[in-house]
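Read the structure below first, then the notes.
Below, chains carry the letters A, B, ... as their sequence lines are ordered, and counting in each starts from 1.
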There are 2 protein chains.
Amino acid sequence: MSAYEYIKQAILHGEFPPKMRLTEEFLAKKLQISRTPIREALKQLETEGLTVSMKRGVRVRHFTELDIRQIYDLRTLLEGYAAAQAAIHRTDSDLGEMATANDMYEKAIDQYLETGETTIEDILKINHSFHDSVIQASKNQHIHSHISKVVVVPLIFRSFYWFNADQLRHSLDAHKTILKAIEKQDTERARVAMHEHIYHGRDQVMKHIDVIDQQYTGVEEQKVSFQTER
Amino acid sequence: MSAYEYIKQAILHGEFPPKMRLTEEFLAKKLQISRTPIREALKQLETEGLTVSMKRGVRVRHFTELDIRQIYDLRTLLEGYAAAQAAIHRTDSDLGEMATANDMYEKAIDQYLETGETTIEDILKINHSFHDSVIQASKNQHIHSHISKVVVVPLIFRSFYWFNADQLRHSLDAHKTILKAIEKQDTERARVAMHEHIYHGRDQVMKHIDVIDQQYTGVEEQKVSFQTER
DNA sequence: TTATCACTGTTTGTATACAATGAACGAAAG
DNA sequence: CTTTCGTTCATTGTATACAAACAGTGATAA
């Protein structure tokens, strides 16, 4: 696993919480490598928007409620467009891939709810692969990088994805609706269905956002908070 | 000027044409600095999509006609959304900035056509600042990075922006229409006006795309072409 | 002739040393 | 007591040396 992937995962899994200061040396010691590859990783994460480089050091970016809202707006716009384009350009093999991803999704959900041998992580991955297949079917190569940038942020809050059976079923139904619209080449229906699906996901995240905000206060070094304390 | 800015400018100005191989040592010697900052610059350019890293070396990305078409589709989507949001969220000071940018645009065009003391470069910059002011008025902080990624590619072809008087006037009118719609908070009109404006710009670029494609054949090293020659 | 293999040179990947910079701390002066 | 200045230390920025990887080349064998 590259330094980039490691740090990204650590951030997304909450190991490095928002506002935490990431010094190069600290990460280098942690990964047992030199600072050089660390710097590259940090630069990349910064251009992706996951970290913010201050004058001194790099910090994990803190996303406010407004940030999440705006990011979801963009995701809705982009994935809605992808769905509409997929409805135009989809081939039979595209439909096959989307259907496969969705079948796997259904199975994973069943397994998760019944036996518990499938984890939420697995479900998120499979969900992701369905969305990917839609993007692929849109035949716009350039849209992918934009969406991946916008998709990653909510994952920071994945620990709050305590999906219950209803939510999971609802999500599966949404996928099926989207798939059907793309199959029938109904562009507007595909776009709207994707819109609703993503906005529903946003609502789930927003429910927990204040809990999240609380959890990460005081992560930045005390020196900084002392100033505020006056 | 940082290495990143230098290389980016060089690419956008056609000094490093598409498919050209950019070895780190070459750039380091050219800029009289070590490879370390060069590597960072290249990594950043790669995540922005201006260069492509092969197994051996980094090359300036070659954009096909399809690429340009798809990139413009995304730009239309994003800037159209920005215009619509601006129509909702614009403040008086936003309107002021947009109006100022547009006044400067008008003056620059007049100067360019009459006295010639203003260059196309200047006009492009001012045009850019109008679009920026719209994005700013949209109040979505995150949209900016997406648009800047998508705006930069057509600049590679800026040498083909031989705008005539008609085109420049048309562009100015479009700006005015957009501005008026945002002022009146007519979201749909703002979006559509922006759509038309950008698609018109795309058409200008597409007219010259085959000329561009021809110009840059044979830039890659001969060793590669020899294989094809059989 | 063609395929395979080892060798060579070029180029990237990584480690490390040192320079530059900025923040924190403390001392001195108002 | 507060402000300002300079010193010190932590941290990033840059250069450079070396390791690793890969493409190209030529030799050898089928």
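- Heavy atoms from other residues, nucleotides or ligands lying under 6.0 Å from CE of A:Met54 number 12 at most.
- Taking the charged nitrogens against the carboxylate oxygens, A:Glu40 and B:Lys43 do have a contact shorter than 4.0 Å, which makes a salt bridge.
- In this entry the distance linking NZ of B:Lys29 with P of C:dT12 reads 12 Å, nearest Å.
- Protein atom CD of B:Glu46 is 12 Å distant from nucleotide atom P of C:dT12, rounded to whole Å.
- Checked against salt bridge (charged side-chain N to carboxylate O under 4.0 Å, His left out), B:Arg90 has no partners two or more places apart in sequence or in another chain.
- Of the residues in residues 47-57 of chain A, those lying under 4.0 Å from DNA chain D by heavy-atom distance are A:Arg56, A:Gly57.
- For the pair A:Ser34 and C:dT14, the criterion of a side-chain N or O lying under 4.0 Å from OP1 or OP2 is not met.
- Put simply, the side chain of B:Asp94 gets close to the backbone of B:Thr91: a donor and an acceptor are under 3.5 Å apart.
- Only one option out of A:Arg56, A:Arg35, A:Lys30 pairs with A:Glu24 in a salt bridge (Lys or Arg N to Asp or Glu O under 4.0 Å); it is A:Arg35.
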task = Evaluate the side-chain hydrogen bond (donor to acceptor under 3.5 Å, both in side chains) criterion for residues A:His175 and A:Asn127: first the C-alpha distance (whole Å), next the side-chain angles of each, then the deciding distance (0.1 Å), finally the verdict.
result = CA-CA 9 Å; A:His175 283 199; A:Asn127 173 60; 3.0 Å; yes

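- Of the candidates C:dT12, D:dA15, C:dA15, C:dA15 carries the atom nearest the A:Ile33 side chain, counting heavy atoms from C-beta on.
- When the P atom of C:dA15 is taken as reference, atom CD of A:Glu24 falls 13 Å away, rounded to whole Å.
- A:Phe26 places its CZ atom 16 Å from the C1' atom of D:dA10, with the value rounded to the nearest Å.
- Between the C1' atom of D:dA15 and the CG atom of B:Leu31 lies a distance of 15 Å, rounded to the nearest Å.
- DNA chain C is contacted by both B:Leu22 and A:Thr36; B:Leu22 maps to the nucleotide lying nearer its 5′ end (nearest heavy atom per residue).
- Atom pair B:Arg21:CZ and C:dT12:C1' shows a separation of 11 Å (rounding to whole Å applied).
- In this entry the distance linking CZ of B:Arg35 with P of C:dT16 reads 17 Å, nearest Å.
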